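What follows is one structure encoded as structure tokens, with my remarks underneath.
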Amino acid sequence: MSAQNFFARMTAPKITARKGGQPIVCLTAYDAPTAAILDEHCDLLLVGDSVGMVVHGLTTTVGVTLDMMIMHGKAVMRGSTKALVVVDLPFGSYEDSVETAFRSASRVMMETGCQAVKIESGTYAAQTISYLVERGIPVMSHVGLRPQSMNVLGGFRARGRTQSVADEIIENAKAAAKAGSFAVVVEGVSEELADKVTAAVDVPTIGIGASSGCDGQILVTPDMLGLFERVPKFVKKYGTMRADIDDAVKSYASEVKARTFPSADFTYKFKS
Ligand code: KIV
């Protein structure tokens with residue numbers, strides 16, 4: 001990558017500077033051709049560990065590995081030139097020590113060329129965030145519904161219904177911001193709580209199933225494109241991808257079966 005290309009991209013400090021300003025447009029991305037389309041419209045592309053569920057067919061994100069994240073991170077970097085690319089650190093790759101977190105995050109940054117990582121964070125993660133940021137790795141944090149903890153939480157349910165959990169989520173976001181996160185994803189909380197989190201931190205909040213008052217929004221791209229029949233309740237489908245694929249494949253199959261599939265319009269030249 002040339003120096004010119006590096007500086008053409010959005011940066012983590014520029015995202016932070018958007019706090020309270022122009023809303024930050026974010027989507028998940030997992031492959032190069034889709035990233036190339038999203039790149040025109042997004043400030044930030046997240047190579048989310050949701051890849052395990054929406055691309056690899058896993059039932060949770062817990063089985064996603066660092067190697068999977070690196071493979072998809074490389075593809076998204078190849079497909080994009082403008083957006084800030086953030087890669088999720090998957091379950092088991094950062095929780096046990098700051099050294100483990102640094103090894104995983106630096107591998108992701110060096111092998112993919114991405115500009116930041118994301119971790120799901122409670123107050124316990126503050127030490128990890130500052131350790132990474134001090135060593136040159138921008139960190140986006142993720143509070144509220146944390147899918148990597150779904151075995152503890154008991155499922156993908158909205159969080160913060162009780163005062164104590166709501167307070168804990170605000171504390172998690174404050175700790176993440178204080179430790180140096182450049183932005184905080186807030187997932188699966190009420191509008192009221194997301195607004196409180198947004199007011200409590202001096203870095204942008206990126207909502208998913210939260211409040212339109214967050215400083216930015218993110219959705220899982222195949223969900224918003226309409227690839228799946230069942231999506232979380234808060235997701236608006238902006239496309240009809242499932243029906244489009246079904247129609248296209250139906251037409252193709254019927255042409256193949258009816259032998260109306262077009263022949264190649266060039267002639268092979270065989271050597272005698
Ligand atoms: O993995 C992911 O796609 C995410 C978003 C839902 C924020 O973490």
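Numbering starts at 1 and runs along the sequence shown. Just so you know, these numbers come straight off a predicted model, no measurement behind them. In each ligand, atom 1 is the first atom listed, and ligand 1 is the first ligand listed. Every heavy atom of this structure was used, including side-chain atoms; hydrogens, water molecules and symmetry mates were not.
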One pair per line, please: each N/O atom of ligand 1 matched with every protein N/O atom under 3.5 Å away, atom names first, then the distance to 0.1 Å.
unit_1, atom_1, unit_2, atom_2, d
ligand 1, 1 (O), Asp49, N, 3.1
ligand 1, 1 (O), Asp49, OD1, 3.0
ligand 1, 1 (O), Ser50, N, 3.0
ligand 1, 1 (O), Ser50, OG, 3.3
ligand 1, 1 (O), Asp88, OD2, 3.2
ligand 1, 3 (O), Ser50, OG, 2.5
ligand 1, 8 (O), Lys118, NZ, 2.8

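Within 6.0 Å of NZ on Lys237 lie more than 12 heavy atoms contributed by other residues, nucleotides or ligands.
Across Val86, Val117, Val47, a single residue satisfies side chain to side chain contact (heavy atoms under 4.5 Å, CB included) together with Val108, and that is Val117.
Note that Arg259 lies outside the cation-pi zone of Phe261, set by a 6.0 Å cut-off to the ring centre and a 45° limit from the axis.
Ile245 places none of its side-chain heavy atoms less than 4.5 Å from the side chain of Asp247. When side chains are defined from C-beta on, Leu89 does not count as touching Met69, because their heavy atoms never get closer than 4.5 Å.
Under the side-chain hydrogen bond (donor to acceptor under 3.5 Å, both in side chains) criterion, the residue pairs touching residues 42-58 are Arg18-Asp43, Tyr30-Ser50, Asp49-Gln148, His56-His72, with sequence neighbours excluded.
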